[in-house]
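Report on the following structure.
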Amino acid sequence: MRKKSANITDKLPAAAAIVLIIALWQFLCSAGIIPHYMLPSPLEVITAVGKDFPNLMMHTAVTLQEAFLGLLAGILLAFAAATLMDRFSVIQRALYPILIITQTIPTIAIAPILVLWMGFGKAPKITLVVITTFFPIAVGLLDGFKSADPDSLRLMRSMGATDMQIFYHVKFPSALPYFFSGLKVSASYAVVGAVIAEWLGGFEGLGVYMTRARKAYSFDRMFAVILVIIVISLLLILLVNILRDLSMPHLRADTGKQK
Amino acid sequence: MQLLRAEHITKQYGDKTIIRDISVHLDSGELVSLLGLSGAGKTTLFHVLSGLVTPEEGRVFLEEEDISGKPGRISYMLQKDLLLPHKKIIDNVSLPMLLKGTPKKEAREKADPLFREFGLEGTQYLYPSQLSGGMRQRAALLRTYLTGNRAALLDEPFSALDTITKSQIHEWYLDVIGKIGLSVFFITHDIDEAILLSDRIYIMTGRPGEIHSQIKIETARENRKDFTLTDEFLTYKRRIIKTLREH
């Protein structure tokens, strides 16, 4: 009970700051200090979401699908790469620098090339999401595998454990917290990655919707898309947190020690 | 009867010889300590005995079978309890059985009755973070026992505990070890602990480490209540301190 109320107190400053900023924004717009064709007021943004809701949701579903598929493929690839790099140090030495280099390539620069190669369908969007989400997860997992206590590995070997058993019982569980930290970053990258790829060509998705709104100088609808992206990114992070708590119940165990 | 025997063990890391020409043995049901200053190569000797590393010279025998460089035949417990934080205590202690292919349910059923014996009743479904240091070491010892090997190597298992917990656990340890009939090789740098918990003590000195001498403790394990206050205890202690100072 005390924990719960402490939690609320913790979050109070952030909530207050957000409310204050939105109130200030609304005031600046309503008072006519900022012309509304440059910056729509929060109320106008919400109205824009409401007015075009079914259409917006249709596009959201497409973007979410791309983000999910890309993220899933990114996770699988990252898992394979991290496992191989952990197992064979030669592979780690060969791949790690390349991994870093891929991270320095700006997403916005590579997206048009992907569209040229793969056309206007979903493939370039999913690929871009894979590229952006792969790195944080792969690096997180690799660090996690390496974080396993060497004494634990020694103990497992002294009990006659095989490499697979050591991986299953010690290395993988040690890597889970790192994996979820990486996943949290990647989950928000995934949505942004999909939207950026959609900007550069396509038929549906939040990026396409945004481009159309921009061409019509419809600022309120552009902000509406931003609002939707924020909400789904937050929901994804929440989902990751729930998954993390479910897969690591020992972190939530009451630590009142037994004597 | 000799259960475990190591003959003329020499182990080097690179050019550096860590231990030289060491021969030790452990009889069935015996508690033997390996006492020496830090850096004498005690842990290295244990790595050799457990089969985790292969010695340059010498062999290790378990009941006449050569087990040099073959891990899994002798149980090993370290100073850190090394309980896996994501597994409940019952799954931690039954891990050695799981590794050998015993189904989880069956392993739990075998482990469960021993919780009472080890003073761990009620902790079966807790996580390691919910237990005190002393309880965690008890769980680690139960896991060591459930490895199913007759001989165990204990590397400073109680050195991380506070003094009061330590003295409580010493008494408990002698009692439970006697009941389960485990033969134990025990590393410590605590002279009192060595005398209190052993039938025999090897004193290790020098760099590279060698066995300097051994001491047999005459008082039976069952009669060691308040043993630390007796003249006999102090005589052993003086002898050991003298040896360690001279080398």
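Numbers restart at 1 for each chain; the letters A, B, ... are given by sequence-line order, proteins then strands. Quick note: numbers below take in every heavy atom, side chains included, and nothing from hydrogens, waters or symmetry partners.
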Would you say A:Phe134 has more than 12 foreign heavy atoms packed within less than 6.0 Å of its CZ? yes

Could you check whether atom CZ of B:Phe61 has more than 12 heavy atoms from other residues, nucleotides or ligands sitting under 6.0 Å from it? yes

May I ask you to name which of B:Lys80, B:Lys70, B:Lys100, B:Met77 has the most heavy-atom pairs under 4.5 Å with chain A? B:Lys80

Could you state the interatomic distance from CG (B:Asp81) to CG (A:Asp151), rounded to the nearest 0.5 Å? 11.0 Å

Heavy-atom pairs under 4.5 Å with chain A - which of B:Lys88, B:Arg73, B:His86 has more of them than the others? B:His86

Measuring from atom CG of A:Asp149 to atom CG of B:Leu78, what distance do you get when rounded to the nearest 0.5 angstrom? 9.0 Å

More than 12 heavy atoms of other residues, nucleotides or ligands under 6.0 Å from CD of B:Glu63: is that the case? yes

So, for A:Gln165 and B:Leu98, which heavy atoms are closest and what is the spacing to 0.1 Å? NE2-O, 4.3 Å

Look at atom CZ of A:Phe79 and say whether more than 12 heavy atoms of other residues, nucleotides or ligands are closer to it than 6.0 Å. yes

Taking atom CD1 of B:Ile164 as the centre, report whether more than 12 heavy atoms of other residues, nucleotides or ligands fall under 6.0 Å from it. no

Take a 6.0 Å sphere around NZ of B:Lys179 and say whether it holds more than 12 heavy atoms from other residues, nucleotides or ligands. yes

Does B:Arg207 have more than 12 heavy atoms from other residues, nucleotides or ligands lying within 6.0 Å of its CZ? no

Quick one: what part of B:Leu153 sits under 4.5 Å from any heavy atom of chain A, side chain, backbone, both or neither? neither

Nearest 0.5 Å please: distance from the OG atom of A:Ser152 over to the CG atom of B:Leu82. 4.5 Å

Identify which part of A:Met159 has an atom lying under 4.5 Å from any heavy atom of chain B, answering side chain, backbone, both or neither. both

Mind checking the CG-CE spacing from B:Leu99 to A:Met156? Nearest 0.5 Å is all I need. 4.5 Å

Who wins among B:Leu84, B:Thr144, B:Thr147 for the most heavy-atom pairs under 4.5 Å with chain A? B:Leu84

